[in-house]
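Structure record follows, encoded as structure tokens.
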Amino acid sequence: MAAVMLSSGRKLLQTRFPRPPVRSGSARPSGFFAPSEGAMLPAGSFRDRLAFITGGGTGLGRAMTMVLSQLGARCVIASRKLDVLQETAGEISSQTGNQVHALQCDVRDPQAVARCVDQMVALSGLPDVIINNAAGNFICPTERLTPNGWRSVTDIVLNGTAFVTLELGKRLIQAQKGASFLAITTIYAESGSGFVVPSAAAKAGVEALYKSLAAEWGRYGHRFNIIQPGPIRTKGAFSRLDPTGTFEKSMIDRIPTGRLGKPAELANLAAYLSSDFASWMSGAVIRFDGGEYVSMAGEFNELRKVTPDQWKMLEAMIKGTKGS
Ligand SMILES: CCCCCCCCC/C=C\C=C\C(=O)SCCNC(=O)CCNC(=O)[C@H](O)C(C)(C)COP(=O)(O)OP(=O)(O)OC[C@H]1O[C@@H](n2cnc3c(N)ncnc32)[C@H](O)[C@@H]1OP(=O)(O)O
Ligand SMILES: NC(=O)C1=CN([C@@H]2O[C@H](COP(=O)(O)OP(=O)(O)OC[C@H]3O[C@@H](n4cnc5c(N)ncnc54)[C@H](OP(=O)(O)O)[C@@H]3O)[C@@H](O)[C@H]2O)C=CC1
């Protein structure tokens, strides 16, 4: 039972506002928004192209490597865990028939990044496509965060992206070779978010870096774009951001398309942005979140819970109001 209150605090009328039916994450709306997961671009779109993907051994990085490789790219994937990278590289190249090299690299260390790029150049040359996808994150009340906790996330996300971009950018400029740079950020790079403050700050920095370089390095043939994904299930993200699984349902409930994203959907967008089909696209920030961001932002969006009968009553009340 809910009451409509006058500003004086007096109850105007009481009516039954039943709780909305419990909507499971995969219920109603996702029927309209089924994912398509096959490679979207024409076969061979990345033939004779080399793609460098940080964090390409797992999660979204793995999915992007898979689609680029399916479309003909040779790929180099780099992160800290060589065994994980090698397993992914083997699986993808045996499926696609295209080379995938695994290189160990901690992006927090600029010397390690330079060594990794040396190795890539020796193996396959300078890349045409660079995807800065490596990240670190965990939920933590900010008052519990230590300086080292702050550093561990911001070093991977902001400094790591900067070191990779500087190292490759300078070498590409020297070689007079054009390239597409893509950064994977997050929807809260724009809004900020409590409980993931180092990640929010670092991702916002990455966006500023990429928008700035889109303006500065276009003259060298370099494009810079950004994808802000909404929630897409990966072990890396969900184990650190919702370790008990408690928040998943309420998160899905606020996504207008009624489901999580799929890694392959994100990978298709990344492939498009990195391809020649997007050669006029630079400095773009693409939110890819099933509508979650706008759903959280709109003052009145909770009114989705109001039933048709309740709307009839509310309309009558509003129309019945005389004067101000
Ligand atoms: C509302 C529901 C949400 C559900 C899901 C939502 C999905 C949407 C997601 C949106 C955005 C996602 C963004 C992402 O980036 S997801 C990607 C996540 N993937 C990873 O994080 C992979 C890599 N991560 C790591 O390797 C570690 O987690 C790392 C801590 C970031 C770095 O590892 P390492 O360098 O080994 O660091 P240490 O373990 O030595 O720790 C360094 C420092 O940090 C402190 N620390 C670590 N974890 C926590 C924690 N949970 N809480 C507080 N502090 C932590 C640790 O204690 C160390 O500090 P100190 O030396 O002072 O003790
Ligand atoms: N999944 C989601 O819902 C969302 C993800 N994102 C973003 O998508 C990207 C991929 O995340 P996701 O796939 O979910 O999570 P993962 O944890 O699977 O991916 C993170 C990758 O970063 C690599 N990495 C971490 N630290 C370093 C380092 N110091 N040097 C090099 N590589 C490193 C990891 O490999 P290793 O451990 O071998 O170093 C891992 O492969 C990230 O940028 C994340 O912020 C954004 C919004 C939502």
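Numbering of ligands and ligand atoms starts at 1, following listing order. When reading the values below, keep in mind they use all heavy atoms of this one structure, side chains included, and skip hydrogens, waters and symmetry mates.
Here the protein heavy atom with the shortest distance to atom 58 (C) of ligand 1 is Asn148 ND2, 4.0 Å. Counting only heavy atoms of the protein, atom 59 (O) of ligand 1 lies nearest to Thr146 OG1, 3.3 Å. The nearest protein atom to atom 37 (O) of ligand 1, hydrogens excluded, is given as Ser152 CB, 4.3 Å; this is a heavy-atom distance. Looking at atom 2 (C) of ligand 1, its nearest protein heavy atom turns out to be Phe247 CB, 3.4 Å. Closest to atom 36 (O) of ligand 1 among all protein heavy atoms lies Arg80 NH1, 4.3 Å. In this structure, the protein non-hydrogen atom closest to atom 4 (C) of ligand 1 is Asp242 CB, 3.5 Å. Of the protein's non-hydrogen atoms, Asn137 ND2, 3.2 Å is the one closest to atom 13 (C) of ligand 1.
Considering only residues two or more places apart in sequence or on other chains, Asp309 meets the salt bridge (charged side-chain N to carboxylate O under 4.0 Å, His left out) condition with none of them. Applying the ring-ring contact (aromatic ring centres under 6.0 Å, His included) criterion to His101, with sequence neighbours excluded, gives no partner residue. For Phe52, the ring-ring contact (aromatic ring centres under 6.0 Å, His included) test picks out no residue, with sequence neighbours left out.
Polar contact with ligand 1: absent for Ser199 (N/O pair, distance under 3.5 Å).
For Arg108, the heavy-atom gap to ligand 1 drops under 4.0 angstrom.
Less than 4.0 angstrom separates some heavy atom of Ala135 from each of these atoms of ligand 1: 15 (O), 19 (N), 20 (C), 21 (O), 22 (C), 23 (C).
Protein residues with any heavy atom under 4.0 Å from ligand 2: Gly55, Thr58, Gly59, Leu60, Ser79, Arg80, Lys81, Cys105, Asp106, Val107, Arg108, Asn133, Ala134, Ala135, Ile156, Ile184, Thr185, Thr186, Lys203, Pro229, Gly230, Pro231, Ile232, Thr234, Gly236, Ala237.
Distance check for atom 39 (O) of ligand 1: every protein heavy atom is found at 4.0 Å or beyond.
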